[in-house]
Amino acid sequence: MEGDCLSCMKYLMFLFNFFIFLGGACLLGLGIWVIVDPTGFREIVAANPLLFTGAYIMLAMGAMLFLLGFLGCCGAIRENKCLLLFFFLFILLIFLAELSAAILAFIFRENLTREFFTKELKKHYQRNNDTDVFSSTWNSVMITFACCGVNGPEDFEDIRHLPHSSLEKAIPEACCQRELQSREGMFVNKEACLEGIERFQNRQGCYTVILNSFETYVYLAGALAIGVLAIELFAMIFAMCLFRGIQ
């Protein structure tokens, strides 16, 4: 009976580690996609130190889970106590790091509010100055998502133009409608847009557009994170039980 129990625990350990292996592969793939994605999301990440760091943390976590899932599978099948102990300690460290990251994300969640982005936009945005990383990033976001400002075109009313601007209160060119939503896309009617004719402007704020675009993925990422934490917890329990059961 004890042998059957140990055998069952071994295969359960293998199963949980296989899921950790798959979870690590998903995080690794997602981290790579965020960093190399050519659609403009990469520029958002690169311009925000918090998101930039988060993307690389996700990449590192994915690679580590991928490796540890593989080691855990090997340790369970071969009943290697050294591999099992190594696996347990590193899974514990990762578990604590992920838990700390979740707590920090909850504490600093106010940095992702509509008011925060509006304040930063009005403070740092320099309109069509593509040499400024912040402005260039916002222009890419507005072009890619066919939106304007955080709340709408009114966000730019209090932002002074760069020198040599011919229109006193024109919205940025990035807010003008294009036939194709990319920097290479042709304007529908640039002159009419800058003169204030609304039907040639993107009127919806980027905060709402992006939130709606990524809402499904946010819940999916949250569910995935909870699932990974639960799997890691069970894997540690099985690893320690299997470690103590191996003679």
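Basis for what follows: all heavy atoms, side chains included, without hydrogens, waters or symmetry-related copies. What you are looking at is a predicted structure, and each value in this text was computed from that prediction instead of being measured.
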Inset, instruction - Could you pull out the closest heavy-atom pair between L121 and D155, with the gap in Å? - result: CD2-CB, 4.0 Å
Legend entry - Spacing of K119 atom NZ and H124 atom NE2 [to the nearest 0.5 Å]: 9.0 Å
Inset, instruction - Evaluate the side-chain proximity of V188 to R178: yes if any heavy-atom separation is below 4.5 Å, no if none is. - result: no
Inset, instruction - Please say whether more than 12 non-hydrogen atoms of neighbouring residues, nucleotides or ligands are located less than 6.0 Å from CZ in F187. - result: yes
Inset, instruction - Could you state whether F145 and M186 fall into the same hydrophobic cluster, counting links through intermediate Ile, Leu, Val, Met, Phe, Trp or Tyr residues with side-chain heavy atoms under 4.5 angstrom apart? - result: no
Inset, instruction - Starting at CZ of F14, measure out to CZ of F19 and round the result to the nearest 0.5 Å. - result: 10.5 Å
Inset, instruction - With rounding to the nearest 0.5 Å, note down the distance linking CZ in F88 to CG in L83. - result: 15.5 Å
Inset, instruction - Find out whether F86 and L68 are in side-chain contact, i.e. whether some heavy atom of one side chain is under 4.5 Å from a heavy atom of the other. - result: yes
Legend entry - Side chain proximity check, F117 to C206, heavy atoms < 4.5 angstrom: no
Legend entry - Heavy-atom donor-acceptor pair, Q126 side chain to S135 backbone, under 3.5 Å: no
Legend entry - Flag for Y125-N139: side-chain donor and acceptor within less than 3.5 Å: yes
Inset, instruction - Taking the side chain as every heavy atom from C-beta outward, state whether R114 and T208 have any pair of such atoms under 4.5 Å apart. - result: yes
Legend entry - Minimum heavy-atom distance F156-C148, with the two atoms named: CE1-SG, 3.6 Å
Inset, instruction - Kindly give the heavy-atom pair with the smallest separation between I171 and P153, and that separation in Å. - result: CG2-CB, 3.9 Å
Inset, instruction - Look at the side-chain heavy atoms of Ile, Leu, Val, Met, Phe, Trp and Tyr, link any pair under 4.5 Å apart, and say whether L15 and M240 land in one connected group. - result: yes
Inset, instruction - Any chance you could measure E173, atom CD, to K190, atom NZ, to the nearest 0.5 Å? - result: 3.5 Å
Legend entry - Hydrophobic cluster identity match, V209 and I143, side-chain contacts under 4.5 Å: no
Legend entry - Contact check, side chains of L93 and L89, non-hydrogen atoms, under 4.5 Å: no
Inset, instruction - Kindly give the heavy-atom pair with the smallest separation between C176 and N202, and that separation in Å. - result: O-ND2, 3.7 Å
Legend entry - N151 and T118: side chain donor to acceptor below 3.5 Å: yes
Inset, instruction - Decide if atom CZ of F200 counts as having more than 12 heavy atoms of other residues, nucleotides or ligands within a radius under 6.0 Å. - result: yes
Legend entry - Nearest-0.5 Å distance that lies between atom CG in L233 and atom CG in L92: 10.0 Å
Legend entry - Ring centroid separation F66 to F70 under 6.0 Å: no
Inset, instruction - Give, for atom SG of C74 and atom CG of L84, the distance between the pair rounded to the nearest 0.5 Å. - result: 10.5 Å
Legend entry - E198 vs R203 side-chain heavy atoms within contact, under 4.5 Å: yes
Inset, instruction - Could you tell me how the ring of W138 sits relative to the ring of F134: parallel (under 30°), tilted (30 to 60°) or perpendicular (over 60°)? - result: tilted
Inset, instruction - Answer with yes or no whether the hydrophobic clustering places I226 together with F95; edges join I, L, V, M, F, W, Y residues whose side-chain heavy atoms lie under 4.5 Å apart. - result: no
Legend entry - ILVMFWY network linking L96 to F87, side-chain heavy atoms under 4.5 angstrom: yes
Legend entry - Check: V141 and I210 side chains under 4.5 Å, non-hydrogen atoms: yes
Legend entry - SG(C175) to SG(C147) below 2.5 Å: no
